[in-house]
Peer 1: 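The structure that follows is given in the form of structure tokens.
First the proteins, then the strands, lettered A, B, ... as listed; each starts at 1.
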Amino acid sequence: KNKKEEEEKWKWWEEERYTDGSKWRFLEHKGPVFAPPYEPLPDNVRFFYDGKNMKLSAPAEEVATFFAKMLDHEYTTKDIFRKNFFKDWRKEMTPEEKSKLTDLNKCNFSEMNEYFKAQSEAKKQMSKEEKQKIKEENERVLQEYGYCIMDNHKERIGNFRIEPPGLFRGRGDHPKMGMLKRRIRPEDIIINCSKDSKQPKPPPGTRWKEVRHDNKVTWLVSWTENIQGSIKYIMLNPSSRIKGEKDWQKYETARRLKKCVDRIRAQYRDDWKSKEMRIRQRAVALYFIDKLALRAGNEKEEGETADTVGCCSLRVEHIKLYPKIDEQEYVVEFDFLGKDSIRYYNKIPVEKRVFKNLQLFLENKQPEDDLFDRLNTSILNKHLQELMDGLTAKVFRTYNASITLQQQLKELTCPDDSIPAKILSYNRANRAVAILCNHQRAPPKTFEKSMQNLQTKIDEKQKQLSTARKQLKTAKADHKASHDDKSKKAVEVKRKAVQRIEEQLMKLQVQATDREENKQIALGTSKLNYLDPRISVAWCKKWGIPVEKIYNKTQREKFAWAIDMAEDDYEF
DNA sequence: CCATAGACTTGATGTTATAGAT
DNA sequence: ATCTATAACATCAAGTCTATGG
């Protein structure tokens, strides 16, 4: 059955693509799944203001529960979070509540908090049957709302559930953290589907904001979110044709860059000498994007988001120049917050010309001034477009990530290694890319402990091994003395045991190395977004590694096109 | 040219399921 | 069989880049 299903999978990559800019001809879906309505708290769960019990109106209570649920989170201790929350909460209160509740510090949400903790505890304690029932209900919703028909195929939708209301959690120092993310109603929803499809029905007694039929876009549902006023979408799953084609195309653009990257590098090196400041700035910025895989760095509206930067938006305060330091010349020290307020720190020697240019760009500037004052992403991308069709700043990240993986795999894979050792090499190659792209993660809370546990296991295994070896020795001696069949068998048994334990030990040691090296590095993002999957598939085929060791089920679905088309000799 | 809206990709983190250990 | 660490999956924020309209 499984095999048959596999064979029947549609190979969209073997079909023609649309060339007229349209994304589909036919689109039918059931619309979004809305967040469940608010359920008021039972009467025994109380809220206190200034030590006094107070029954809140339903709307005020709902917003209060959002805060109560987060009591253990660091967010609720932050001034901006508390200020924004309180301001928005007050908007939901009745006039009486508003006049009474004037100080967040006098609010006591602890009974609510305990109630929700008990709820989630109860959920964990549910019987198997109850859990099974919930699972089945989720599966039913998935079957009904999780798929659409696009052209002649049933495709999986990515996020068919509308985001529930709650308190906005921005990353880093976000000025809007704690604001109320309001509940989305059918009246906020724009539906996109084809004219000749069966249109999704809004819930009884409601209507959609709009139903449109735009086949120049890929989304099925959209709404405007109230924190930044930006638009959110429901789109297809990465396994879909529409996402897969785009992904494939992305790597093809990066491969085209590979063909002309030498020319482009020669060009920007030449531009370091330009008479025009804007060209020098452009050339130095491009050098950073290429060499350090920095992001483009669009301008951001001040006060709307956390203060983060990319290449073009770097400020004077984000770099330091050292003509000479630690035996090295022309060193630039980068220290800034990038996407998601993740710190980028790097101290790196650069070409003398780059260094001199940077000194020039810094002249007569304040720390908060732009480093590249004659440059922005649109100027840069326009220039890149002239150098190569479809070239933008982010193509360099894709290109450098993928080429690094390919090189590292070549360098690190030892033909005679066992499969686990080869996979360690793969992870190391992946890690080199993650480091290049600065993909970090917070070290897991239990990291030290789990590392210790692993070490204990290794120690035990080592003891086991030495015991097994001793036993083998004894068995051999026995055999020498008696030369009978029974003792011969015993030797074989012991030999096998030693071998098995040696393998187990090796596996554990590999695991420990891998985990230690991975402490603060996140491999997922590069694997999913930057590494041409055909490189990995080819590597698997070349060394006889099952592709399941590298890609899990979801990843295999996303990269089905690559798994199907890449041979062992694929070159990025 | 510039600002903004819109569409889509990329990203860390929170939550749930599962595999492996006990 | 149960527990628990990790992997898988879901979530939703935060980027990039293009289109649009003045």
Side-chain angles (χ1 to χ4, degrees), chain A residues 21 23 70 73 120 123-124 128 131 134-135 138 142 146 158-164 166 168-172 174 176-177 181 190 192 214 216-219 222 224-225 227-238 242-243 246-247 249-250 289 295-301 304-306 308-313 337-342 376-382 384-385 390-398 401 434 437-442 444-447 449-451 453-454 457 460 511 515 518 520 522-530 551-558:
Chain A
K23 306 289 171 69
M70 289 180 73
H73 205 291
S120 72
K123 213 176 148 193
K124 271 187 219 153
K128 272 217 174 88
K131 280 183 182 166
I134 291 174
K135 215 173 158 185
N138 283 338
L142 173 68
N159 55 326
F160 54 89
R161 287 172 202 277
I162 299 274
E163 294 174 19
F168 176 76
R169 298 146 94 120
R171 311 278 174 93
H174 198 115
K176 298 194 173 183
M177 63 167 76
K181 219 173 83 167
I190 302 175
N192 192 33
D214 182 356
K216 304 280 184 232
V217 296
T218 67
W219 54 267
S222 77
T224 302
E225 150 273 348
I227 304 291
Q228 312 283 356
S230 65
I231 308 169
K232 298 231 172 179
Y233 303 91
I234 290 181
M235 291 182 186
L236 296 197
N237 187 273
I242 213 155
K243 293 289 184 194
K246 202 76 189 297
D247 207 37
Q249 200 179 70
K250 173 180 77 185
I289 284 170
R295 296 187 187 81
N298 285 311
E299 293 113 300
K300 306 169 73 186
E301 222 175 322
E304 293 291 302
T305 61
T308 64
V309 297
C311 185
C312 294
S313 51
L337 297 182
K339 180 175 178 179
D340 291 312
S341 294
I342 298 292
N376 60 39
T377 54
S378 112
I379 294 171
L380 179 65
N381 280 334
K382 237 166 239 154
L384 293 176
Q385 181 58 45
L391 186 61
T392 62
K394 85 185 182 79
V395 179
F396 282 88
R397 250 168 104 81
T398 312
C437 293
N438 198 40
H439 291 142
Q440 297 190 26
R441 62 167 187 175
K445 286 230 153 55
T446 54
F447 185 85
K449 208 182 107 216
S450 86
M451 218 49 210
N453 288 345
L454 197 54
K457 270 190 211 164
E460 273 166 20
Q511 204 185 359
R515 199 182 294 175
N518 232 17
Q520 303 198 54
L523 302 185
T525 301
S526 50
K527 201 173 187 177
L528 234 48
N529 300 299
Y530 288 103
Y551 290 136
N552 68 34
K553 187 167 147 281
T554 341
Q555 293 165 338
R556 291 198 299 278
E557 280 166 8
K558 171 169 177 171

Peer 1: Within the 3.5 Å criterion, strictly below it, is a donor on A:N438 or A:Q440 matched to an acceptor on the partner's side chain?
Peer 2: yes

Peer 1: Assign each of A:R161 and A:D340 to its nearest nucleotide of DNA chain C by heavy atoms, then name whichever residue's nucleotide is nearer the 5' end.
Peer 2: A:R161

Peer 1: Would you say a side-chain N or O of A:R397 is under 4.0 Å from OP1 or OP2 of B:dG11?
Peer 2: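 For B:dG11, OP1 or OP2 has a side-chain N or O of A:R397 closer than 4.0 Å.
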
Peer 1: Counting only side-chain heavy atoms from C-beta out, which of B:dA12, B:dA7, B:dT16 sits nearest to A:I342?
Peer 2: B:dA12

Peer 1: So what does A:K23 touch, heavy atoms closer than 4.0 Å: a base, only the sugar-phosphate, or nothing?
Peer 2: sugar-phosphate

Peer 1: With a 4.0 Å cutoff (strictly under), does any side-chain N or O of A:T377 reach OP1 or OP2 of C:dT16?
Peer 2: no

Peer 1: For the pair A:R169 and A:M177, evaluate side chain to side chain contact (heavy atoms under 4.5 Å, CB included) and give the outcome as yes or no after the intermediate values.
Peer 2: CA-CA 5 Å; A:R169 298 146 94 120; A:M177 63 167 76; over 6 Å; no

Peer 1: Counting any heavy atom closer than 4.0 Å, what does A:Q440 reach on the DNA or RNA strands: base, sugar-phosphate only, or nothing?
Peer 2: sugar-phosphate

Peer 1: Please determine, for the side chain of A:F168, which listed nucleotide (C:dA14, B:dC8, B:dG11) has the closest atom?
Peer 2: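 Nucleotide nearest to A:F168's side chain: C:dA14.
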
Peer 1: Which residue in the set A:K300, A:R171, A:R295 passes side chain to side chain donor-acceptor pair (under 3.5 Å) when paired with A:T308?
Peer 2: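 The side chain to side chain donor-acceptor pair (under 3.5 Å) with A:T308 is passed solely by A:K300 among A:K300, A:R171, A:R295.
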
Peer 1: Could you tell me how far apart A:I134 (CD1) and B:dT16 (C1') are, to the nearest whole angstrom?
Peer 2: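 That distance rounds to 12 Å.
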
Peer 1: Do the side-chain N or O atoms of A:Y233 get closer than 4.0 angstrom to the phosphate oxygens (OP1, OP2) of C:dC12?
Peer 2: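 No, no such contact exists.
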
Peer 1: What is the distance, rounded to the nearest whole Å, between atom CG of A:N298 and atom C1' of C:dT18?
Peer 2: 11 Å

Peer 1: Among C:dC17, B:dA7, B:dG11, which is the nearest nucleotide to the side chain of A:M235?
Peer 2: B:dA7

Peer 1: Counting the atoms with a prime plus P, OP1 and OP2 as sugar-phosphate, which does A:K394 contact under 4.0 Å by heavy atoms, base, sugar-phosphate, or nothing?
Peer 2: sugar-phosphate

Peer 1: Counting only side-chain N and O atoms of A:T218, is one of them less than 4.0 Å from OP1 or OP2 of B:dA7?
Peer 2: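 The answer is no; no side-chain N or O of A:T218 sits under 4.0 Å from OP1 or OP2.
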
Peer 1: Determine the contact category for A:P238: base if any of its heavy atoms lies under 4.0 Å from a base atom, sugar-phosphate if only primed atoms, P, OP1 or OP2 are that close, otherwise nothing.
Peer 2: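 Result for A:P238 = nothing.
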
Peer 1: How many whole angstroms separate atom CZ of A:R295 from atom P of B:dT9?
Peer 2: 16 Å

Peer 1: Within less than 4.0 Å of OP1 or OP2 of B:dA7, is there a side-chain N or O belonging to A:K232?
Peer 2: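 It does not, given that no N or O in the side chain of A:K232 lies less than 4.0 Å from OP1 or OP2 of B:dA7.
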
Peer 1: With sequence neighbours excluded, tell me which residues meet ring pair (Phe, Tyr, Trp, His ring centres under 6.0 Å) with A:Y530.
Peer 2: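 A:Y530 satisfies ring pair (Phe, Tyr, Trp, His ring centres under 6.0 Å) with A:H439 once adjacent residues are dropped.
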
Peer 1: Examine the base of B:dT10 for any acceptor or donor lying under 3.5 Å from a partner atom in the side chain of A:K339, and report the outcome as yes or no.
Peer 2: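 Result: at least one qualifying N/O pair found.
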
Peer 1: At 4.0 Å (heavy atoms only), tell me whether A:G297 reaches a base, stays on the sugar-phosphate, or touches nothing.
Peer 2: sugar-phosphate

Peer 1: Any idea how A:F168 and A:H174 line up, ring-wise: parallel (<30°), tilted (30 to 60°), or perpendicular (>60°)?
Peer 2: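 Taking A:H174 first and then A:F168, their aromatic rings stand perpendicular (interplane angle over 60°).
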
Peer 1: Quick check on B:dG14: is either OP1 or OP2 less than 4.0 Å from any side-chain nitrogen or oxygen of A:H73?
Peer 2: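 A:H73 to B:dG14 OP1/OP2: side-chain N or O found under 4.0 Å.
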
Peer 1: Can you see which heavy atom on A:A393 is nearest to which on A:A296, and at what distance?
Peer 2: CB-CB, 3.7 Å

Peer 1: Between A:K216 (NZ) and C:dT18 (P), how many Å, whole number?
Peer 2: 18 Å

Peer 1: Using a cut-off of 4.0 Å on non-hydrogen atoms, how would the nucleic acid contact of A:T305 be classed: base, sugar-phosphate, or nothing?
Peer 2: nothing

Peer 1: Check A:K124 against A:K131 and note the closest heavy-atom contact, atom names and distance.
Peer 2: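 Nearest pair, atom of A:K124 first, then A:K131: O-NZ, 3.1 Å.
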
Peer 1: Counting only side-chain nitrogens and oxygens, does A:H174 get under 4.0 Å of the OP1 or OP2 atom of C:dA13?
Peer 2: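 Looking at the OP1 and OP2 atoms of C:dA13, neither is under 4.0 Å from any side-chain N or O of A:H174.
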
Peer 1: In this structure, how many angstroms lie between the P atom of C:dT16 and the CD atom of A:Q385, rounded?
Peer 2: 18 Å

Peer 1: Assign A:K176 to base, sugar-phosphate, or nothing according to its heavy-atom contacts below 4.0 angstrom with the strands shown.
Peer 2: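 No contact.
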
Peer 1: Write down the distance between CZ (A:F396) and P (C:dT16), rounded to a whole number of angstrom.
Peer 2: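 Spelled out: CZ on A:F396 to P on C:dT16 is 15 Å.
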
Peer 1: Using a heavy-atom cut-off of under 4.0 Å over every strand shown, decide if A:A393 touches base, sugar-phosphate, or nothing.
Peer 2: sugar-phosphate

Peer 1: Does a distance-only test, which skips hydrogens and angles, find a donor-acceptor pair under 3.5 Å between the side chain of A:R171 and the base of B:dA12?
Peer 2: yes

Peer 1: With a 4.5 Å heavy-atom cut-off, do A:E225 and A:Q228 have their side chains touching?
Peer 2: yes

Peer 1: Could you tell me how far apart A:I379 (CD1) and B:dA3 (P) are, to the nearest whole angstrom?
Peer 2: 11 Å

Peer 1: So, is A:K246 near the phosphate of B:dA7, with a side-chain N or O under 4.0 Å from OP1 or OP2?
Peer 2: no

Peer 1: Please report, rounded to the nearest Å, how far the C1' atom of B:dG11 is from the NZ atom of A:K527.
Peer 2: 16 Å

Peer 1: Can you see if the side chain of A:K553 gets near the phosphate of C:dA8 - specifically, an N or O under 4.0 Å from OP1 or OP2?
Peer 2: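 It does not, given that no N or O in the side chain of A:K553 lies less than 4.0 Å from OP1 or OP2 of C:dA8.
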
Peer 1: Using a 4.0 Å heavy-atom cut-off, does A:G229 contact any base of the nucleic acid, only the sugar-phosphate backbone, or nothing at all?
Peer 2: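 The residue A:G229 makes no contact with any strand.
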
Peer 1: Determine: side-chain N/O of A:N552 to OP1/OP2 of C:dA8, distance under 4.0 Å, yes or no.
Peer 2: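 Indeed, a polar side-chain atom of A:N552 lies that close.
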
Peer 1: Could you tell me whether the phosphate oxygens of B:dT10, OP1 or OP2, come under 4.0 Å of any side-chain nitrogen or oxygen in A:K250?
Peer 2: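 Yes, A:K250 has a side-chain N/O under 4.0 Å of OP1/OP2 on B:dT10.
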
Peer 1: Taking for each residue the nucleotide of DNA chain C bearing the nearest heavy atom, is the 5' side occupied by A:Q228 or by A:G158?
Peer 2: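 In this pair, the answer is A:G158.
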
Peer 1: A:T525 side chain: which of B:dG11, B:dC8, B:dA7 is closest?
Peer 2: B:dG11

